Amino acid sequence: MADKKVFEGKEEFLTLARLALGERAQDVPLYLGKIARKYREAAPEVAAEIGTLLKNVSGRSSALRRETATPLPVDNDSRLHLIRMEKPEPGMTAPVFPPAVSRDIGTLIKERQQVELLSDADLEPTRSALFVGPPGVGKTMTARWIASQLGLPLFILDLSAVMSSFLGRTGNNVRAVLDYAKRQRCVLLLDELDAIAKRRDDATEIGELKRLVTVLLQEIDEWPADGLLLAATNHPELLDPAVWRRFDSVINFPSPNRDDVKRAIVEYLGKQSGVSDEWIGILSMLLHASNFSDIRKRVTGIRRAATMNNVDITKEIEGYLQRAVESMPHVEVISLAKRLYAVEGMSQRRAAELTGVSRDTLRKSDSKDSKDLGQEASNG
Ligand SMILES: Nc1ncnc2c1ncn2[C@@H]1O[C@H](COP(=O)(O)OP(=O)(O)OP(=O)(O)O)[C@@H](O)[C@H]1O
Ligand SMILES: [Mg+2]
C-alpha cells in the first residue's frame with residue numbers, strides 16, 4: 001500500500017470548512033487572517049496570497065456583506081433565528097410562469113431596476129405584493145427569483161414557524177423581523193401569511209390575534225420603498241381583508257394549465273434530453289393535474305431511473321406510461337387514450353397501441369366526449 005501523504009494544516013482546513021459551510025461564513029475572513037499570520041514564516045507565499053485575497057474582500061462593500069455583518073434577529077426565549085437569509089443566485093433559472101404572472105413579476109422587477117425613472121416623475125416603485133395560489137406553483141421560488149434578478153438578499157419569515165404558543169411574543173417577533181429587514185436593502189418574504197389567521201378559531205386568543213394583525217398592518221404601512229415586501233398565501237380567504245388591502249399589488253398564481261405543464265417538463269428534462277414532442281405530450285397528459293413541484297419530482301425521478309438503468313429517458317417515460325396504465329381503472333385508461341388523440345393530436349391507432357385499449361373501444365366511445373375533448377384541445 002502506498003504511504004498516506006502527510007496532510008499538514010488538517011485542523012485548519014477542517015475548521016475553515018466548518019465555518020464556510022455552517023452558519024458562520026461571515027467569520028471566514030477573520031479565520032483566514034489568523035492562518036496567514038500563523039504561516040507567515042513557514043509558508044510566506046501562501047500567507048501573502050491570503051493577505052491579497054483578504055484585502056480585495058474588505059475593499060468590496062456590498063449589500064450582502066453589510067447584511068451578514070448584522071446578526072439575524074432571534075426569538076428571545078428559544079434563541080432560534082426568526083428569519084432565513086438567502087443570497088442571490090446569479091444563474092438561477094426562471095420559474096415557468098403563465099403569461100399574466102410573467103407580466104406582473106416582470107413589472108415588479110423592472111420598476112426596481114428603473115427607480116430613477118419613477119422618482120423623476122415623483123413616483124415610487126411597488127413596495128409590496130401578495131402572492132396568492134395553491135401549493136407548489138412557485139410562490140416562494142418566485143420571491144427567490146426576484147431577489148436574484150435584483151441582486152439582493154432574500155429574507156424569509158415563515159409565519160407558520162414563528163407563530164409561537166404565546167401570541168403576544170409573535171407580535172414582538174414580527175416587529176423585530178420587519179425592523180431588521182427595513183434597515184437593509186433586501187427582499188423580505190412573509191411566507192405562509194395565512195398561518196396568522198388560522199389561529200382565529202380559538203376564542204381566548206382573539207384579543208392577542210387582533211393585536212398581532214395590527215402590528216402587521218402597521219409594519220406593512222411603514223415598509224420603506226427601497227426594499228420589496230412580498231407575502232405568500234394558499235388561503236387568501238382566511239386573511240383579514242384589511243391585510244389584503246395593505247398590499248400594493250396582489251398576484252394570482254394559478255395551477256398550471258396544459259401548456260405550462262409541458263413547458264415545465266421540457267425545463268426539468270433539460271435542454272438536451274432528446275425527448276420527442278410526442279412523448280412530452282404523453283407525459284403532460286399523465287401529469288396534467290399536478291403542480292410544478294410534483295412535476296419536478298416526477299421528471300427528476302424519471303431522469304434518475306434512466307441514468308441508473310443506463311437507458312434512454314424516452315424508454316423510462318414509456319415504462320412510466322405502462323405502469324400508470326396498469327394501475328388505472330379501465331375507464332380512465334380509455335379516457336387517457338381519447339385525450340391522446342383528441343387533445344394531443346395523435347392518431348387513434350397510436351393511442352390504442354400505447355394504452356392497450358382496442359381501436360374498437362375507442363371508436364365506440366360516445367361522441368359527446370370527443371366534443372368536450374375537442375373543446376379542451378382548442379382551449380389549450
Ligand atoms: N412556476 C414554477 N416553475 C418552475 N418550477 C416550479 C414552479 N413552481 C414550483 N416549482 C418547483 O416546485 C418547488 C416548490 O415550489 P414553491 O415552494 O415555490 O411553491 P409554493 O407556491 O411556494 O408552495 P407552498 O404554497 O406549498 O409554499 C420549487 O422549488 C420548484 O422546483
Ligand atoms: Mg411556499
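When a ligand or atom number is given, it counts from 1 through the structure's own listing order. Given the structure is predicted, the values throughout are model-derived calculations rather than measurements.
For the residue pair Glu12 and Tyr39, a side-chain donor N or O sits within less than 3.5 Å of a side-chain acceptor on the partner.
Taking both residues in full, the closest heavy atoms of Asp158 and Glu192 are given as OD1-CG, 3.5 Å, listed atom of the first, atom of the second, then distance. Summarising the geometry of Asp194 relative to Ala232, their closest heavy-atom pair is OD2-O, 4.5 Å, with the distance given to 0.1 Å. Looking at every heavy atom in both residues, Gly171 comes nearest to Val215 through O-CG1, 3.9 Å.
When only interatomic distances are considered, the shortest N/O to N/O separation between Phe292 and ligand 1 does not fall below 3.5 Å. For ligand 1, the polar-atom distance check against Gly136 finds a nitrogen or oxygen pair separated by under 3.5 Å. Taking only nitrogen or oxygen atoms, main chain and side chain alike, Val137 reaches within less than 3.5 Å of ligand 1. Among the atoms of Asn234, some N or O lies under 3.5 angstrom from an N or O of ligand 1. The shortest N/O to N/O separation between Asp191 and ligand 1 does not fall below 3.5 Å.
Side-chain contact between Asp191 and Thr140: present, with at least one pair of heavy atoms (C-beta onward) separated by less than 4.5 Å. Here the side chains of Met285 and Leu340 are in contact, with some heavy-atom distance below 4.5 Å.
Closest to atom 27 (O) of ligand 1 by heavy atom, among Glu192, His235, Arg144, is Glu192. By heavy-atom distance, the residue among Val96, Thr142, Leu189, Thr93 lying nearest atom 1 (N) of ligand 1 is Val96.
The protein atom (non-hydrogen) at minimum distance from atom 18 (O) of ligand 1 is Met141 N, 2.9 Å. Closest to atom 6 (C) of ligand 1, if we only count protein heavy atoms, is Tyr268 OH, 3.1 Å. At the top of the distance list for atom 17 (O) of ligand 1, counting protein heavy atoms only, stands Thr140 CB, 3.9 Å. If you check which protein heavy atom lies closest to atom 31 (O) of ligand 1, you get Arg296 NE, 2.6 Å. In terms of protein heavy-atom proximity, atom 21 (O) of ligand 1 is closest to Lys139 NZ, 2.7 Å.
Put simply, CD on Glu219 and CG on Asp221 are 9.5 Å apart, with the number rounded to the nearest 0.5 Å. Remark: Gln149 CD to Lys110 NZ distance equals 12.5 Å, nearest 0.5 Å.
Note: Tyr268 and Phe292 fail the aromatic proximity criterion, with ring centroids not under 6.0 Å apart.
At a cut-off of 2.8 Å, Met141 is not counted among the residues with an N, O or S atom near the Mg ion (ligand 2).
Less than 4.0 angstrom separates atom 29 (O) of ligand 1 from none of the non-hydrogen atoms of the protein.
Remark: ligand 1 atoms within the under-4.0 Å shell around heavy atoms of Pro135 are 23 (O), 24 (P), 25 (O), 26 (O).
Note: Phe131 and Phe253 have tilted aromatic rings, judged against thresholds of 30 and 60 degrees for the angle between ring planes.
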